Amino acid sequence: MDLREHVRGIPDFPKPGILFYDISTLLRHGPAWRTAMARLAALIAPYRPDLLAGIESRGFLVAAPLALELGLGFVMLRKPRKLPGLTLGLNYALEYGTDRIEMQADAVQPGQRVILLDDLLATGGTMAAGIALLRQAGAEVPAAAALIELTFLGGRQRLDVPFESLLAYES
Ligand SMILES: O=P(O)(O)OC[C@H]1O[C@H](OP(=O)(O)OP(=O)(O)O)[C@H](O)[C@@H]1O
Ligand SMILES: Nc1ncnc2[nH]cnc12
């Protein structure tokens, strides 16, 4: 199945010159969504994860079903002040401005292998921050993955772990 047919590139949104890649159309199509999750599961299984982590919000849509598919637990990396209990957090730079992600301090046991997932890798800033935060919590991060990679933004060059994606777009 060609999954590209099920991802919509919307012109000039949110920034002129860069397509906005929308996974709503993929989510809506049961067989395509199932195929995408099965292919991504096959890509990350060789890294032998103990847990999967996902970045709020679209990353949850990828990490949670993959965790079910692989029979693993799932950890949420969330926007600030959303998680109860003791949290760890990290501020990071975006193209314009800054953002922050947080996770529960006891979410990971020291040395657990945690793969970080998101729907899309653009500049890589969000993924790099997520990896740093997981390490702060004691995790080993053997790899990161996303459904979509915008190769022309060079995001994977900002990551110091292997990165897997299902669909790469050149523009
Ligand atoms: O590689 P980067 O340049 O950091 O961009 C990628 C991030 O941007 C989007 O999230 P967004 O902040 O739009 O939040 P959302 O998932 O809640 O839509 C996307 O889901 C990634 O998390
Ligand atoms: N071009 C893009 N399409 C969809 N989500 C994004 N997040 C950051 N850049 C994006």
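In this text, all values refer to a predicted model and were calculated from it rather than measured experimentally. Numbering of ligands and ligand atoms starts at 1, following listing order.
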message: Out of all atoms in ligand 1, which are within 4.0 Å of some heavy atom of D119? Include the element for each.
response: 19 (C), 20 (O)

- prompt: Which atoms of ligand 2 sit under 4.0 Å from any heavy atom of A122?
  reply: 8 (C), 9 (N)

task: Identify which of D118, L159, L61 has a heavy atom lying nearest to atom 21 (C) of ligand 1.
output: D118

field: Backbone or side-chain N or O of A122 under 3.5 Å from ligand 1 N or O
entry: yes

- request: Output yes when R135 and D160 qualify as a salt bridge under the 4.0 Å nitrogen-oxygen rule, no when they do not.
  value: yes

task: Measure up the F60 and F74 rings against each other and bin them: parallel (under 30°), tilted (30 to 60°), perpendicular (over 60°).
output: perpendicular

- request: Validate the cation-pi geometry between R8 and F20: distance from NZ or CZ to the six-membered ring centre under 6.0 Å, angle to the ring axis within 45°.
  value: no

- line: All heavy atoms of A41 vs all of E69, minimum pair found to be CB-CG, 3.8 Å

- prompt: Is the shortest side-chain N to carboxylate O distance from R78 to E56 below 4.0 Å?
  reply: yes

- prompt: To the nearest 0.5 Å, what is the distance between OG1 (T123) and CG (L94)?
  reply: 7.5 Å

query: What residue and heavy atom of the protein are closest to atom 17 (O) of ligand 1, and at what distance?
result: S57 OG, 2.6 Å

Numbering as shown, the atoms of ligand 1 that approach K79 to under 4.0 Å (heavy-atom distance): 14 (O), 17 (O)

task: For R34, look at atom CZ and say whether over 12 heavy atoms of other residues, nucleotides or ligands are found less than 6.0 Å away.
output: no

- prompt: Any side-chain donor paired with an acceptor under 3.5 Å for T151 and E170?
  reply: yes

message: Would G124 count as being in polar contact with ligand 1, using the rule that some N or O on each side must be under 3.5 angstrom apart?
response: yes

statement: If we number the atoms of ligand 1 from 1 as shown, the ones under 4.0 Å from a heavy atom of T126 are 2 (P), 4 (O), 5 (O), 7 (C), 22 (O)

- line: For I18, the ligand 2 atoms with a heavy-atom partner under 4.0 Å come out as 1 (N)

Heavy-atom nearest neighbour of atom 6 (C) of ligand 1 within options D99, L120, L153: L120

Residue selection (non-hydrogen contact nearest atom 3 (O) of ligand 1) among I23, I148, T123: T123

Closest candidate by heavy atom, reference atom 10 (O) of ligand 1, pool M127, R156, R58: R58

Side chain, backbone, both or neither: L150 near ligand 2, heavy atoms under 4.0 Å: side chain

query: So do the side chains of L134 and L116 get within less than 4.5 Å of each other, counting heavy atoms only?
result: yes

- prompt: Quick one: which ligand 2 atoms are inside 4.0 Å of a heavy atom on L19?
  reply: 1 (N), 2 (C), 3 (N)

